[in-house]
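Convention: sequence-line order gives letters A, B, ...; per-chain numbering from 1.
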Amino acid sequence: MSRNETAWKEQPKFPSTHFVDTRIYTDKQIFREEQEKIFNKCWIIGCHESEIPNANDYRTFHHPGGAQLFMIRGEDMKVRAFYNICPHRGNTLLYDPVGNAKRITCIFHAWSFNPKGDCIDIPRGKEGYQERYDCKDAGLREVKSEVGYGGFVWVNVDDNSGPLKDYIGDALGLMEENLSMPLEVFTYHKAIVDSNYKLWHDTNSEFYHDYMHYFNRITGMLQPGYFDRQYKGYPNGHASVGSMEIKYDAYAGSKTRSVGWPGLAPGGWVLIDLFPGMTFNLRTSVLRMDTAIPLGPDKLIIEYRGLGLKSDTPEQRAERIRDHNTIWGPFGRNLHEDLLGVHGQGLAMREGSDSKWVLHGREENSTIHDEVGMRHFYAEWSKRMGRKAYDPFNDNKLA
Amino acid sequence: MTSKTLIDELIYRSALLMDSKDFAGFLDLCDPAFNYSITAYIPEIRKETAWLEQNKEGMKLLFDTLPRHNSDHASLSRHLTVYTVEQDEAAKQAKTISFLQAFKTSLDGGATELFAVGKVHDTISLSGDKPLLLSRNVRLETRLLGIGFHIPL
C-alpha cells in the first residue's frame, strides 16, 4: 500500500540504530562538522609507498578535511606529509600529482623548501624582511604521517592524534598475512560523483546490493558459502567481511583466476571497511583500495587503487591488471554498477527531495546480507559527531 | 593499394555502428583475429594500464551479457577523425591513427557532455575483398570518466 505524507515521515518500525535521517547525506552544516570532527581527526590513506619509491619523490593529495597535502620521501628515505601551500602568499607549491623535487620552489616568488619542510631560500629576504623574518620562520606545515598496513602512507592532520596502530586496532587482522609482503600500485583512477561520501562507504559496507551485480550474483550469490560470509565490527567504526570462494568461470567469458594472493584461499574474497571512508578489498588476485574524499555534502571523489605484489612477474602483473579492470576498471562490469547506484542515491536524496529515511534494518546473524556493517559505521559517526544519525537535528517526531 | 576512402569508411562505419549499438554489425567489420583494447597512461602512478582487453570472441560475450547488467542508458556519440593512414603492401595491412571525441547524451533532457578524448590506433587487414579491423587500441587522454561505462568506445 502506498503511503501519504504523514505515513512517509513516520519513524520506521525498527530500533533507532536501524535507520538514519537522510539529512545526514545532504546538509551543509553536517558536512562541515564531519570535516572538522571526523576527517580532521582520523587517519586517512594519502597514497601508497610504491607511488614515491625514490628519495625526493612526492605525491599530492586532496585531504577530505579540505587541506591540500603532499607526501614526500626525504633523502633519509623517510616519508613526510605537508600542506601543499606556500607560507608566503598561499600559493600551491606542487602542481603535478607526482614528481621528484630535491628543492620545492614556489613558482610565485621562488621561496624554496627541502623535503623535510625546512625553508631554504627566500629571495632577497634580508632586503625585504631585514631581521624581522627569515627562513626559520617559514617552514612548511607538517602533518602526521605513518607508513604501514600494506605500505600505505597514512596522514592525520590532528597534531594531537594517537598513533595509527591505535586507530586501526585489530580491524586489519583478517588481512595481516595478505599485507605482509611489499605491494605495488599498478592502476589508479578517480571518479567524481554527485553523491555523499557515506553512501559510497555504505555500498562497500553491505553486500545485499549484490542483486545489482549480475557478475556477483552468478559468481558469488549462487555459489556455496556466500550466505555464510560474516561481518565483524571493530572499535572506531571499522568492519570486516569474511571470505568465500568466488566461481569466476560461472560468468560467460570469465575464467578461474590463475594468479592468487599469499595467505588467501583460491578464489577468496576478504573485505575490510575502515572508518570513515576507506576499503581494503582483496579479491583473489587483486587488492583494491578505495578512498572516499568528500568535496561537499553532495559531491565526492573516490580514488581507486589496484595493487599486486612487488615481486610479481610480468605475466602475473598482466593477469592482475586484467582481473582488476575486468571487474573494477572504468569499463569493468561491477564498478559502473556501484557508481550508478550511488549516483542514483545522490539524485534521489538531494536537499529538499523529502527523502526522509534510509533503512539499515536487515538482521541475519551478521551474515552477508545483514546491514550490521552500516549500523556499526553510524554508531561511530553519531559518537564523533555528537548527533544522532536517526535524528541529527533533534526535530524528528520519534516514538 | 586499397583506396584511402575504403579505409576511412571502415573506421567511420565502426563508430556509427557502435553509436547505434549495432554490435553484430561492428563485429562484422572485424577480422576473426581482432583484438580490442582501451589503454591509458596514468601519471599519478607513472604506469600504463589496459582498462579493457578483449579478442573478437570476448567482445561478442561482452556485448551479449550487456542486457544482464545494470548500465547507464545514456547514448555515446563517437566522433572520429582519421589523421594518418600508412599502408604496408607487403603485409597487406594499414595502420591508422584517428582522433576520438566521445560525447555522452543523457536520456532525461538530452544534455550532451564530453565523455572522453583520445586517439584510436587501428590495424586494418587488407588481405580480403574488403578492409577489416585487425586490432583497435583506444588510447585515452581522459581518465576521469564519471561513473564509467559498460560499452566500449
Side-chain angles (χ1 to χ4, degrees), chain A residues 47-48 50-53 57 59-61 96-99 184-195 209 211-215 217-218 251-254 301-307 317-318 321-322 324-326 328-344 347, chain B residues 18 35-74 76 102 104 106-109 111 113 115-116 118 136-138 140-153:
Chain A
C47 70
H48 188 262
S50 65
E51 295 166 58
I52 45 174
D57 280 352
R59 178 82 168 88
T60 59
F61 178 54
D96 293 342
V98 290
E184 190 168 70
V185 175
F186 61 69
T187 191
Y188 171 90
H189 80 280
K190 294 179 184 179
I192 295 181
V193 195
D194 291 334
S195 198
H209 79 274
Y211 280 105
M212 177 165 68
H213 297 305
Y214 173 61
F215 189 95
R217 291 201 309 274
I218 296 297
Y251 182 92
S254 176
I301 299 174
I302 311 156
E303 290 189 310
Y304 299 102
R305 287 177 167 84
L307 295 99
R317 180 57 59 85
I321 293 172
R322 203 160 29 247
H324 177 279
N325 287 341
T326 299
W328 290 330
F331 296 93
R333 300 302 90 186
N334 273 20
L335 189 72
H336 175 54
E337 291 171 333
D338 280 326
L339 287 169
L340 195 58
V342 78
H343 164 75
L347 281 176
Chain B
M18 287 296 288
N35 282 296
Y36 178 92
S37 63
I38 299 175
T39 61
Y41 177 71
I42 306 177
E44 290 94 337
I45 57 169
R46 295 176 262 217
K47 285 184 172 65
E48 295 283 333
T49 201
W51 275 329
L52 189 63
E53 281 183 297
Q54 295 288 355
N55 58 21
K56 188 172 183 179
E57 186 192 354
M59 289 292 273
K60 183 175 185 315
L61 285 168
L62 188 152
F63 293 139
D64 288 347
T65 51
L66 278 175
R68 296 174 185 270
H69 283 273
N70 288 297
S71 304
D72 182 0
H73 294 140
L76 278 193
K104 194 167 169 179
S106 68
L107 285 184
D108 184 4
E113 60 183 26
F115 177 64
R136 166 161 290 180
N137 170 227
V138 180
L140 285 183
E141 284 295 321
T142 305
R143 290 170 291 113
L144 195 57
L145 296 158
I147 61 171
F149 215 62
H150 270 157
I151 302 175
L153 291 165

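Relative orientation of the B:W51 and A:F331 rings is tilted, given thresholds of 30° and 60° on the angle between their planes. Ring geometry for A:Y214 against A:Y251 counts as tilted: the plane angle lies between 30° and 60°, on a 0 to 90° scale.
In this structure, the side chains of A:Y304 and A:T187 stay at 4.5 Å or more apart for every pair of heavy atoms. Residues B:R46 and B:Y41 have side chains in contact (heavy-atom distance under 4.5 Å, counting atoms from C-beta outward). Within the 4.5 Å cutoff, side-chain heavy atoms of B:E44 are placed close to those of B:R143. With contacts defined as side-chain heavy-atom distances shorter than 4.5 Å, the pair A:E337/A:F215 does not qualify. B:K47 places none of its side-chain heavy atoms less than 4.5 Å from the side chain of A:I321.
Between chain B and the options A:R217, A:H213, A:K190, A:H189, the largest number of non-hydrogen pairs under 4.5 Å is found for A:K190. Ranked by heavy-atom pairs under 4.5 Å with chain B, the first of A:R333, A:M212, A:H343, A:H48 is A:R333. When B:I45, B:D64, B:T65 are compared by the number of non-hydrogen pairs under 4.5 Å with chain A, B:I45 comes out ahead. Of all the listed residues (A:S50, A:A191, A:C47), the one sharing the greatest number of non-hydrogen pairs under 4.5 Å with chain B is A:A191.
With a 4.5 Å cut-off on non-hydrogen atoms, A:P330 touches chain B through its backbone and its side chain both. Only the side chain of B:E53 comes within contact range of chain A, with heavy atoms under 4.5 Å apart. Proximity to chain B (any heavy atom under 4.5 Å) is shown, for A:R305, by neither the backbone nor the side chain. Both the backbone and the side chain of B:R68 come within contact range of chain A, with heavy atoms under 4.5 Å apart.
Closest of all the heavy-atom pairs between A:G253 and B:L61 is CA-CD1, 3.4 Å.
For the residue pair B:H69/B:S71, the side-chain donor-acceptor check at 3.5 Å is not satisfied.
Note that CD1 of A:I192 and CG of B:L144 are 4.5 Å apart. Values are rounded to the nearest 0.5 Å.
At a heavy-atom separation below 4.5 angstrom, chain A is approached by B:L145, B:G146, B:I147, B:G148, B:F149, B:H150, B:I151, B:L153 within residues 145-153 of chain B.
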